[in-house]
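Lettering follows sequence order; numbering is per chain, from 1. In this text the structure is predicted, and so the values were computed from the model without any measurement. Only this structure's heavy atoms are used, side chains among them; waters, hydrogens and symmetry mates stay out.
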Number of protein chains: 2
Amino acid sequence: MSRPTKHDPERGDARTRLLEAARDIVRTQGFAATSVDQLCRAAGVTKGAFFHHFASKEALGVAAAEYWAETAGTLFSTAPYHDHADPLDRVLGYVDFRREIIAGDIGEFTCLVGTMTQEAYASHPAIREACAAAIFDHAATLEPDIAAAMKARGIVGEWTPTSLAAHTQAVLQGAFILAKAADDPAVAIDSVDHLKRYLTLLFQTPSKGRTT
Amino acid sequence: MSRPTKHDPERGDARTRLLEAARDIVRTQGFAATSVDQLCRAAGVTKGAFFHHFASKEALGVAAAEYWAETAGTLFSTAPYHDHADPLDRVLGYVDFRREIIAGDIGEFTCLVGTMTQEAYASHPAIREACAAAIFDHAATLEPDIAAAMKARGIVGEWTPTSLAAHTQAVLQGAFILAKAADDPAVAIDSVDHLKRYLTLLFQTPSKGRTT
DNA sequence: ACATAAATACCGACCGGTTGGTATTTATAC
DNA sequence: GTATAAATACCAACCGGTCGGTATTTATGT
């Protein structure tokens with residue numbers, strides 16, 4: 001055990017390590033099934049440190065959602081799909097980028113805030129709000145490109161950029177659930193392919209494509 | 001309290017009441033956050049009865065998923081959308097039927113097995129399997145109509161009836177997550193509308209609509 | 001028809017371990 | 001020296017699960 005003290009920086013401070021532990025463990029076990037002790041063990045800190053940084057387990061959940069939104073924000077804002085000249089290519093490039101991420105271990109590509117939403121939407125309003133912000137703020141980053149693609153092609157469909165952006169997130173979240181159920185990422189990739197096909201059909205339609 | 005004995009049938013036996021309590025409570029709180037005591041209180045039975053009918057809390061989770069699959073099975077097999085002559089109309093009728101269900105309280109139209117999958121896929125393999133069966137067996141009921149619609153229109157796309165059926169479930173599951181996050185069923189309805197639009201575009205396409 | 005045996009269904013007190021959270025102390029940084 | 005960060009010790013409530021027992025239904029032997 002040697003000397004446990006001396007403020008060992010190791011990898012980041014205690015708060016960040018707890019947030020990263022939450023990201024990894026909550027994604028595979030869920031929020032309720034993850035105990036504070038387990039988080040502390042994984043982060044290599046004591047309970048005292050936990051409750052120094054977070055007022056409660058719920059507060060940790062909120063912070064984890066915010067941390068998730070932050071890291072995802074930089075991941076996607078620096079991704080290469082923004083380089084395409086055509087706005088539709090940027091949207092399709094986003095879907096391709098999401099598709100690439102889906103591989104390997106399920107606990108590593110699935111979405112923390114989607115998982116937490118399911119458990120916390122009724123019992124922990126603060127967590128629900130933080131998750132909603134993470135999801136819909138991320139969706140909002142797609143709206144300008146969708147709107148530009150609509151304008152460029154003169155599309156005036158009965159749907160809005162907001163609802164289409166939200167739909168992309170719904171497909172992704174649902175794909176994650178199916179991948180977890182099937183214990184196989186392939187089914188998630190199939191759904192993302194269907195999403196890309198939808199976007200392509202939507203924007204290649206010469207007429208308005210009335211359906212409803 | 002009067003006389004508690006004499007095998008009071010009230011509303012179904014203890015097992016069914018526990019299953020119904022699980023369906024209602026787990027959908028809003030999640031599996032891990034729902035205690036056995038809470039289930040017993042809601043079902044009006046004692047802990048002794050619980051562990052008489054179920055070997056463990058996990059076994060209750062498996063049984064709840066199976067019960068869900070059973071009740072959903074009768075709900076959808078007796079639904080009116082099967083009456084359409086055109087197989088595509090049956091598929092679109094299914095989507096309409098799902099759309100109609102999405103209304104009112106979120107805890108009442110969301111999916112038990114989708115919720116449980118998120119929490120249990122890694123920690124409770126038996127629950128994961130039961131949820132997977134519920135989801136994919138339900139999806140499979142759409143495959144014959146999808147296949148018939150493809151054949152009727154001579155569509156030989158790069159996708160399969162199985163993957164499209166699974167995709168419908170992904171959209172629904174994702175729509176539920178977004179509804180929970182936004183605390184508003186409207187966003188779920190929007191996604192279902194996008195799904196219907198996708199199906200319509202897919203099957204009205206004269207060419208194969210190569211995209212990938 | 002009836003006594004008896006054996007399942008089945010259910011009850012509720014109880015157990016050891018874990019839970020989220022607190023109080024107090026100790027080390028570090030500026 | 002004082003604010004911040006972290007460690008230690010501790011707690012009452014709650015957790016899933018057990019257990020000995022009782023009531024009721026069903027099967028069986030005569």
Starting at atom [atom1] of [X], determine the distance to atom [atom2] of [N], rounded to an integer number of angstrom.
X       : N      : atom1 : atom2 : value
A:Asp13 : D:dA7  : CG    : P     : 12 Å
A:Leu39 : C:dT18 : CG    : P     : 17 Å
A:Lys47 : C:dT26 : NZ    : P     : 21 Å
A:Gln38 : D:dC15 : CD    : P     : 18 Å

- request: Would you give the length of the straight line joining atom OH of B:Tyr94 to atom CG of B:Leu172, rounded to the nearest 0.5 angstrom?
  value: 5.5 Å
Rounded distance (nearest 0.5 Å) linking atom CG of A:Leu60 with atom CG of A:Leu19: 6.5 Å
- prompt: Any donor and acceptor pair, going by atom type alone, linking the side chain of B:Ser191 with main-chain N or O of B:Ala188 inside 3.5 Å?
  reply: no
field: Geometric class of the A:His194/B:Tyr198 ring pair [parallel <30°, tilted 30-60°, perpendicular >60°]
entry: perpendicular
Of residues 49-65 of chain A, the positions that come close to DNA chain D - non-hydrogen atoms, cut-off under 4.0 Å: A:Ala49, A:His52, A:His53
- prompt: If you draw the axis of the six-membered ring of A:Phe50, does the NZ or CZ of A:Lys57 fall within 45° of it and under 6.0 Å from the ring centre?
  reply: no
- request: By nearest nucleotide on DNA chain C, pick out whichever of B:Val45 and A:Asp37 is the more 5' one.
  value: B:Val45
task: Have a look at A:Ser35 and say if it touches a base, only the backbone sugar-phosphate, or nothing, with a 4.0 Å heavy-atom cut-off.
output: sugar-phosphate
field: For A:Arg90, all residues meeting side chain to side chain contact (heavy atoms under 4.5 Å, CB included), sequence neighbours excluded
entry: A:His84, A:Pro87, A:Asp145
